[in-house]
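A short write-up of the structure that comes next.
Throughout, protein chains are lettered first and strands after them, A, B, ... in sequence-line order, and every chain is numbered starting at 1.
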Amino acid sequence: MNMLVLDFETRSECDLKLCGTHVYTHHESTDILCISLYDMDTEESVVFDPVETDIPQVWKDKLNSADLVVAHNAAFDKGIYTIGVKEYGFPPIADDRWYCSSAQMRVNAIPASLDDAARALGVKNQKSFKGARLIKKLSIPQEDGTFNENPELMEEMRTYCLQDTVTTVDIIRATRLMTQEEHSDWLLNERVNERGVRVDVEVAELAQSYAAEEQDGIAAELVKLTDGVVTKPTQHQRIKPYILEGLDMKDESDRKLKALMTKKDGNFTLDAKTRETVLSLIDAGNLELVEETEELIRLLDDATATSVAKFKRMQHMAGLHDRVRGAFIYYGASQTGRFSSKGLQLHNMKRDCYELADFLDLKAKMQQGVKIPDVMNTLSKMLRPTLIAGEGKTFVVGDWSSIEARGLPWLANTPDAEKKLDLFRQGVDVYVKAAESIGIDDRRIGKVAELSLGYGGAIGAFSAMAINYGLVLPEYQVDRIVKNWRRANKWAVLFWAEVEQAAKKAVRARGKQQFKAGRVVYTYAPALMGGTLLCILPDQSIIQYPNCHIDYSDRGDNLVCLKASIRPKADSKDNWGTVRLWGGLMVENITQAFCAGLLRDKLRVAEVEDIDIVAHIHDELVAECELEFADEVGEDLKIIMEAVPSYAKGLPLKAEPVQMVRYGNH
DNA sequence: TGCGGCGGCGCC
DNA sequence: AAAGGGCGCCGCCGCA
């Protein structure tokens, strides 16, 4: 398998961070500064500026013959490469020969960025820190709008560019390659990314101007309320002390507010959940604050909407046919293999949104410049429907019904867990049943218990979720709910322990044996990344826990491993962050990973069936099709999503796809 | 002035 | 012994 590693440095008038890879690589001002190439078979390398130097024939041949052309974040280099083909005689590379070393890092549970990966792996050739400075000087326009073409800096840039490929080679060799299936899933994700999803750019622009005006008004009110101490609703570090200093500790309500604002670690918060609790207590007559404080809290509630920035991203990331491309990251969540989303983050779009008619009504008002009520709140509820199907098309959206609540007992694979699955099979209301088994006649409590207690969490987990459902219960009652839920779901409690034991045994056996827990298997690869714990799921996909070992320094024997998302502080001597693994966490990883595998499976099937998937959100598939085929696609999508794969016999799956021209409630 | 840390937000 | 976790983006703020 010949791998040819490639890296581009470029310059452009386009703002890469704001506009994203796709718009950047297609921007007319974007051009190549240099390219470096590294042949992993022969260890030969080259770096040159294609504007001044023709690509050497020997490297042309290598590009033609390599099995894989590798780049770190290959979507970027692939996009730039097309400029090379058009302008500088680079040989074309078929889509399926591209390979991404960043994706390789992610399937290995190593941080995705080149410098972080090199640091976490402790490889010999670290990424050069000079890059950021050079990019600032050469890759973005100077103040007068022209580009800096200083020859010495350009020479430095070429050195840096070559260093990047050397580092990339190091990290590729320090980890395992993607399997064929992983590579092919990555390629599929790139096709979804290229397809993109259409946005209503006009609404995105209108929303920003309405928001700007409203934010000015809010700022003015804030200044008035706080005597100029606070000028923006996002100044948390000013707002909290301002409120706390104004409290009268002899007053019971004020003491109560301070307690509500105090976090476990002793710091203070006034986040949305806290505000909701405070305001509900006020409305119920159980809390009485001075007028200004109450008004300030209500104002924050009206003002802190994060949707404005999303409208901005929509506008700038929209390319050809108003479509935003490149939003999905294959295996973005290293602990679970879930996709993640970047740029216009499609995985956290505010759920609460307008029906189509109300949305269109508001859009018309905004086009006419008419005032709209409760601006920030209104705009945030317009976010989802600003995603719109292509001309003459519609979305068909299907989500799996409580997929994790089904996956968990299926993975545990015991007779008791099977009874839980029977409830789903029979269409019984699982939450009512759960409440009954806890000995409480309240479906909401059953629901929160089912959703929050499956992964070893206790009072904290239940209470955090309870707030989302407007439940506030005293601690002793929550404690009883937890105990009763665990008593009624012994299979789950046993599964947590079983998983932890199997993982520990696998580490101790140094890979000589496999250990089963429910429907997953643990083993260990001693030579991979300082010893890697492997969890093999029923679909044969793998979760990796790098640098995994048993630590005896604390009480008992604890499993610890490297965690990609914990970046050590700049002054830390540690290569990378670690985390303690325990049963509940591992069972959660398994469950999410299993569902992520199911989603990947269905993405493959959908493509074979010629269904265009434009987005997906963990348990939800968004297809786009011509209006006239919508019914048919809806039926097909249902069949695809409810089809039980051969490796998942007995898993009850349910999905009811619906049509919508604009994304919204379903 | 730029950068990283941190608090906060929203989703599954 | 007990434990909710998986993400990415934005904006402010202190530091260099």
Side-chain angles (χ1 to χ4, degrees), chain A residues 17-18 106 109 112 129 132-133 136 215 230-240 263-265 267-275 300-301 303-313 327-329 331-353 380 383-384 399-400 402-405 407 448 451-465 468 482 496 500 543 554-556 558 563-565 567-572 579-593 595-596 599 615-620:
Chain A
K17 253 200 104 162
L18 179 63
R106 297 194 298 270
F129 59 88
R133 190 187 113 254
K136 211 166 296 159
Q215 279 166 336
V230 180
T231 56
K232 285 181 178 176
T234 41
Q235 291 166 334
H236 317 288
Q237 305 293 33
R238 295 190 204 176
I239 293 167
K240 285 182 283 183
K263 292 197 293 183
K264 272 186 200 157
D265 60 10
N267 291 325
F268 297 101
T269 181
L270 202 54
D271 62 17
K273 273 185 185 167
T274 309
R275 292 198 304 269
L300 289 180
D301 233 28
T304 53
T306 51
S307 57
V308 186
K310 271 196 153 58
F311 286 118
K312 187 175 166 188
R313 297 306 290 262
F328 296 100
I329 307 176
Y331 224 99
S334 285
Q335 261 352 236
T336 62
R338 276 182 169 188
F339 289 93
S340 62
S341 177
K342 64 169 175 172
L344 177 61
Q345 231 263 70
L346 295 173
H347 282 176
N348 70 347
M349 304 276 285
K350 191 179 170 76
R351 223 163 190 290
D352 188 11
C353 64
S380 77
L383 203 53
R384 280 200 185 208
D399 56 346
W400 277 302
S402 37
I403 183 70
E404 280 194 25
V448 172
L451 293 176
S452 68
L453 300 178
Y455 306 122
I459 297 178
F462 182 95
S463 302
M465 185 163 291
N468 296 339
V482 172
W496 307 332
E500 190 168 328
I543 309 176
D554 201 3
R555 195 188 322 196
N558 295 315
K563 187 167 161 86
S565 60
R567 191 181 211 278
K569 287 177 187 172
D571 55 8
S572 166
V579 71
R580 217 212 111 190
L581 294 174
W582 55 284
L585 173 60
M586 300 175 84
V587 165
E588 189 201 39
N589 286 175
I590 292 166
T591 308
Q592 290 193 349
C595 297
L599 185 78
H616 44 78
I617 305 99
H618 307 306
D619 65 350
E620 174 180 348

Which part of the nucleic acid, if any, lies within reach of Gly343(A) when heavy atoms closer than 4.0 Å are counted: base, sugar-phosphate only, or nothing? sugar-phosphate
Could you give the NZ-to-C1' distance, from Lys273(A) to dG10(B), as a whole number of Å? 11 Å
Is there a ring pair (Phe, Tyr, Trp, His ring centres under 6.0 Å) between Phe339(A) and His618(A)? Walk through the geometry before answering. CA-CA 7 Å; Phe339(A) 289 93; His618(A) 307 306; 8.6 Å; no
Is the phosphate of dG8(C), meaning OP1 or OP2, less than 4.0 Å from a side-chain N or O of Lys310(A)? no
I need the CZ-C1' distance between Arg555(A) and dA3(C), as an integer number of Å. 13 Å
Can you measure from CZ (Arg384(A)) to NZ (Lys310(A)) and round to the nearest 0.5 angstrom? 10.0 Å
Side chain Arg313(A) and base dC9(C) donor-acceptor under 3.5 Å: no
Over all atoms of both residues, closest heavy-atom pair of Thr591(A) and Gly407(A): CG2-C, 4.4 Å
Output the rounded distance in Å from CD (Gln345(A)) to P (dC9(B)). 16 Å
Quiz question: going by heavy-atom distance under 3.5 Å, is there a donor-acceptor pair between the base of dA2(C) and the side chain of Arg580(A)? yes
Under 4.0 Å, counting only non-hydrogen atoms across every strand here, what does Ser334(A) touch: a base, just sugar-phosphate, or nothing? sugar-phosphate
Closer than 3.5 angstrom, by distance alone: can the side chain of Arg106(A) be matched with the main-chain N or O of Ser334(A) as a donor-acceptor pair? no
Rounded distance [0.5 Å steps], OG in Ser341(A) versus CD1 in Ile617(A): 8.5 Å
Within this structure, what is the CD-to-C1' distance between Gln335(A) and dC12(B), rounded to whole angstrom? 16 Å
Closest listed nucleotide, where the reference is the side chain of Ile329(A) and the choices are dC7(C), dG8(C), dG6(C): dG8(C)
If you assign each of Thr269(A) and Glu404(A) to its closest nucleotide in DNA chain B, which residue comes earlier from the 5' end? Thr269(A)
Summary of salt bridge (charged side-chain N to carboxylate O under 4.0 Å, His left out) pairs that have at least one residue in residues 333-347 of chain A, sequence neighbours excluded: Arg338(A)-Glu404(A)
Take the protein atom CG of Asp554(A) and the nucleotide atom P of dA1(C), then report the distance between them rounded to whole Å. 11 Å
What is the distance from CG of Asn589(A) to C1' of dC12(B), rounded to the nearest Å? 15 Å
Within the pair Ser340(A) and dG8(C), is there a side-chain N or O less than 4.0 Å away from OP1 or OP2? yes
Determine if Trp582(A) stacks with dA3(C); use a centre-to-centre distance below 5.5 Å and an interplanar angle below 30° as the criteria. yes
Would you say a side-chain N or O of Lys240(A) is under 4.0 Å from OP1 or OP2 of dG8(B)? yes
Judged by atom type as modelled, is there a donor-acceptor pair below 3.5 Å linking the side chain of Thr336(A) to the main-chain atoms of Asn589(A)? no
May I ask you to say what Leu270(A) touches in the nucleic acid, namely base, sugar-phosphate or nothing, with a heavy-atom cut-off under 4.0 Å? sugar-phosphate
Of Gln592(A) and Pro568(A), the one whose closest nucleotide on DNA chain B sits nearer the 5' end is Pro568(A)
Mind checking if Gly460(A) touches a base, just sugar-phosphate, or nothing, with heavy atoms under 4.0 Å? sugar-phosphate
Taking the minimum atom-to-atom distance to the side chain of Lys342(A), which one of dA3(C), dC7(C), dG8(C) wins? dG8(C)
What distance separates Ile403(A) CD1 from Leu599(A) CG, expressed to the nearest 0.5 Å? 9.5 Å
For Arg275(A), answer base if it contacts any base atom (sugar-phosphate contacts may also be present), sugar-phosphate if it contacts only those atoms, and nothing otherwise; contact means non-hydrogen atoms under 4.0 Å. sugar-phosphate
Is Arg351(A) salt-bridged to Glu620(A), going by a charged N under 4.0 Å from an acidic O? no
May I have the distance from His618(A) (atom NE2) to dG5(C) (atom P), rounded to whole angstrom? 17 Å
Should Lys263(A) be listed as having a side-chain N or O under 4.0 Å from OP1 or OP2 of dC6(B)? no
For each nucleotide in nucleotides 11-16 of chain C, reading 5' to 3', give B when a protein heavy atom comes within less than 4.0 Å of its base, S when such contact involves only the sugar-phosphate, and - otherwise. SSS---
Atom pair distance, as rounded to whole Å: CG in Asp619(A) and P in dG6(C): 18 Å
